[in-house]
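What's counted below: heavy atoms across the whole structure, side chains too, no hydrogens, waters or symmetry copies. Just follow the structure's listing: the first ligand is 1, and inside any ligand the first atom is 1.
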Amino acid sequence: MPDTSSAPVPAAPNPATAPNAIAFIGGGNMASALIGGLIAQGFAPERIEVVEPFEAARDALQAQFGVTAQALPGPQLRSADLVVWAVKPQVFREAALQARPLTSAALHLSVAAGIRSSSIAQWLGSERVVRAMPNTPALIGRGISGLFARQAVDSAERQRIEQVMAPTGETLWVEQEHDLDAVTALSGSGPAYVFYLLEAMTRAGVGMGLSQAQAHRLAVATVGGAAELARRSDDPPEVLRQRVTSKGGTTHAAIEVLERAGVAGHFVHAIEAAQHRARELGDEFGT
Ligand SMILES: NC(=O)C1=CN([C@@H]2O[C@H](COP(=O)(O)OP(=O)(O)OC[C@H]3O[C@@H](n4cnc5c(N)ncnc54)[C@H](OP(=O)(O)O)[C@@H]3O)[C@@H](O)[C@H]2O)C=CC1
Ligand SMILES: O=C(O)[C@@H]1CCC=N1
């Protein structure tokens with residue numbers, strides 16, 4: 001039977017495992033998505049502290065969410081029992097060494113691509129480290145995050161992480177840390193591949209005489225509808241594709257062009273390049 005339900009709904013918050021106070025180091029795109037989710041779930045903004053050197057980003061966070069934001073880590077960080085690392089891999093080490101004396105009692109959650117938990121544990125002097133690889137649909141509660149925990153993280157702490165991530169969408173634990181590089185390549189970077197496809201579909205629509213608005217609407221509804229159909233269906237995408245492809249018809253003409261150009265193979269290579277870059281980031285900017 002096809003699944004006729006809507007997208008997975010996040011679990012209700014559990015006060016027993018919820019963190020008391022959360023600090024975010026880095027207040028950019030990913031931090032905003034997570035903070036938005038937490039507040040929507042009922043987490044009080046007064047219990048969220050952000051460290052963000054960029055003044056305009058601090059002002060935006062304060063205005064949008066009512067959270068406190070500082071330019072530098074200060075004593076207020078000591079009260080956080082969860083610290084979320086949402087800085088770029090390139091600056092993680094420096095930021096960690098700066099905040100280390102203030103965060104020794106906390107559980108740590110990193111969303112940085114590539115940076116391995118062994119590096120993070122060494123920089124912070126703590127083994128209580130979880131890595132997450134979210135994606136930007138987190139902003140609307142429709143993301144998916146890969147999660148990996150170091151051995152020292154216990155099951156209550158894993159639950160706490162799940163609870164913090166729940167408002168952003170689905171979560172998926174991986175047992176091998178290196179699998180997070182594949183998650184990064186597939187779903188972390190994945191929204192960009194979909195937007196790339198949307199750009200091309202819209203450009204084609206405009207080229208065929210539709211207005212930009214018409215082409216955009218048709219492309220977005222098609223990608224959203226097809227993804228939802230694939231999610232609910234028992235059939236693999238290949239079968240769903242065959243159902244669209246009438247013999248000697250229009251889809252066949254299009255797929256033939258894609259196949260001749262090796263587009264599927266190029267997609268695979270592109271995703272492998274992202275995985276390679278994740279590994280490289282870990283080597284280059286880790287310990
Ligand atoms: N964007 C995405 O789709 C995803 C991103 N990620 C990961 O999330 C992390 C953040 O990415 P994203 O939110 O996109 O990046 P952003 O650039 O939007 O946010 C990072 C923020 O950290 C700030 N920052 C720089 N140095 C420090 C410091 N020492 N202490 C505190 N804050 C600092 C930056 O300020 P300034 O601009 O002034 O340098 C910036 O505002 C990355 O590691 C990335 O790999 C993971 C999954 C998906
Ligand atoms: O492009 C990046 O490096 C980050 C990680 C996954 C998505 N954005």
Side-chain angles (χ1 to χ4, degrees), residues 22-37 48-62 64-65 67-74 76-77 80 83-100 102-103 108-117 119-120 123-124 129-140 142-148 164-165 168-172 174 179-196 270-286:
I22 306 182
F24 283 81
I25 314 293
N29 294 310
M30 255 310 131
S32 301
L34 292 170
I35 292 168
I48 297 177
E49 173 78 38
V50 184
V51 177
E52 165 57 58
F54 185 37
E55 189 178 2
R58 284 200 305 278
D59 291 347
L61 287 164
Q62 281 164 341
Q64 194 177 356
F65 301 118
V67 298
T68 317
Q70 312 286 346
L72 289 167
Q76 70 286 351
L77 277 191
V83 177
V84 181
W85 295 88
V87 287
K88 292 249 152 50
Q90 290 83 340
V91 302
F92 198 154
R93 184 174 186 276
E94 182 200 333
L97 296 179
Q98 219 177 14
R100 174 180 172 150
L102 304 161
T103 61
H108 296 277
L109 173 64
S110 161
V111 300
I115 302 298
R116 289 170 204 121
S117 66
S119 298
I120 302 169
W123 296 334
L124 293 170
V129 176
V130 179
R131 286 182 59 197
M133 180 41 58
N135 61 11
T136 54
L139 275 166
I140 55 160
R142 294 293 302 270
I144 183 159
S145 300
L147 297 174
F148 171 80
V164 167
M165 298 306 294
T168 67
E170 300 178 56
T171 52
L172 173 86
V174 296
D179 283 343
L180 272 192
D181 290 342
V183 172
T184 304
L186 192 63
S187 57
S189 297
Y193 316 147
V194 175
F195 300 137
Y196 187 77
I271 294 169
E272 286 168 352
Q275 180 196 29
H276 179 77
R277 182 59 187 150
R279 250 196 322 262
E280 227 173 42
L281 285 169
D283 291 340
E284 209 174 324
F285 299 107

In this structure, atom 30 (N) of ligand 1 is nearest to the protein heavy atom Ile25 CG2, 3.8 Å
Please confirm whether the backbone N or O of Ala185 pairs with a side-chain atom of Ser189, one donor and one acceptor, at under 3.5 Å? no
Heavy-atom nearest pair, Ala71 first then Val51, reads O-CG1, 3.9 Å
closest protein heavy atom to atom 2 (C) of ligand 2 is Ser189 OG, 4.8 Å
Between Ser32 and Phe65, the two heavy atoms sitting closest are O-CZ, 3.6 Å
Looking at ligand 1, is there an atom of it that comes within less than 4.0 Å of some heavy atom belonging to Pro53?
yes
| N/O to N/O below 3.5 Å, does that happen between Asn29 and ligand 1? | yes
Per-atom filter on ligand 1: closer than 4.0 angstrom to a heavy atom of Ala113 are 43 (O), 45 (O)
The protein heavy atom nearest to atom 3 (O) of ligand 1 is Thr136 CG2, 3.3 Å
So the atoms of ligand 1 within less than 4.0 Å of a heavy atom of Val51 turn out to be 31 (C), 32 (N)
- Polar-atom distance check: Ala57 versus ligand 1, any N or O pair below 3.5 Å? no
Just to confirm, does any protein heavy atom lie below 4.0 Å from atom 4 (C) of ligand 2? no
A student checking ligand 1 against Met133 at a 4.0 Å heavy-atom cut-off should list atoms 46 (C), 47 (C)
| When you measure from the side chain of Arg131 to the backbone N and O of Ile115, does any donor-acceptor pair fall under 3.5 Å? | yes
For Phe54, the atoms of ligand 1 under 4.0 Å from one of its heavy atoms are 38 (O)
re atom 7 (C) of ligand 2, the protein heavy-atom contact at minimum distance is Gly188 O, 3.4 Å
Ligand 1 to Gly26, heavy atom cutoff 4.0 Å, flagged ligand atoms 22 (O), 31 (C), 32 (N)
Exercise for the section: For the pair Arg142 (side chain) and Gly169 (backbone), establish whether a donor and an acceptor sit closer than 3.5 Å, ignoring hydrogens and angles. Expected result: no
Under a 4.5 Å cut-off applied to non-hydrogen side-chain atoms, are Ile271 and Tyr193 in contact?
-> yes
*asked:* Can you tell me if Lys88 contacts ligand 1 (heavy atom of the residue under 4.0 Å from the ligand)?
replied: yes
For this session: Please determine if Ala31 has a nitrogen or oxygen closer than 3.5 Å to a nitrogen or oxygen of ligand 1.
Result: no
Notebook entry, point to check: Would you say Arg58's side chain and Glu52's backbone share a donor-acceptor pair under 3.5 angstrom?
Noted result: yes
Of all protein heavy atoms, the one nearest atom 5 (C) of ligand 1 is Met30 CG, 3.6 Å
d(Met133 CE, Leu180 CG) to nearest 0.5 Å is 7.0 Å
Is there a protein heavy atom at a distance of less than 4.0 Å from atom 39 (O) of ligand 1? no
Nearest non-hydrogen protein atom to atom 46 (C) of ligand 1, with distance, is Val111 O, 3.2 Å
When every non-hydrogen atom of Thr168 is compared with those of Ala33, the smallest separation belongs to CG2-O, 4.3 Å
Worksheet item: Any side-chain heavy atom of Leu281 within less than 4.5 Å of one from Gln90?
Response: yes
In this structure, CZ of Phe285 is separated from CD of Glu280 (nearest 0.5 Å) by 9.0 Å
Check: of Pro134, Ala71, Ser32, Pro137, min heavy-atom distance to atom 48 (C) of ligand 1 comes from Pro134
In this structure, atom 9 (C) of ligand 1 is nearest to the protein heavy atom Val87 O, 3.4 Å
So does Arg93 have more than 12 non-hydrogen atoms from other groups sitting under 6.0 Å from CZ?
-> no
request  = Give yes if a backbone or side-chain nitrogen or oxygen of Glu52 is under 3.5 Å from a nitrogen or oxygen of ligand 1, and no if not.
outcome  = yes
Atom 26 (N) of ligand 1 has as its nearest protein heavy atom Val91 CG2, 3.7 Å
Checking heavy atoms under 4.0 Å, the part of Glu94 that sits near ligand 1 is neither
Checking heavy-atom distances from atom 10 (C) of ligand 1 to each of Ala112, Ala86, Gly28, Pro89, the winner is Ala86
In ligand 1, the atoms that come under 4.0 Å of a heavy atom of Ala95 are 29 (N)
Contact check, side chains of Arg116 and Asp283, non-hydrogen atoms, under 4.5 Å:
yes
Q | Aromatic plane relationship, Trp85 with Phe92 - under 30° parallel, 30 to 60° tilted, over 60° perpendicular | A | parallel
Beyond-backbone contact of Leu172 with Glu170, side-chain heavy atoms, under 4.5 angstrom
no
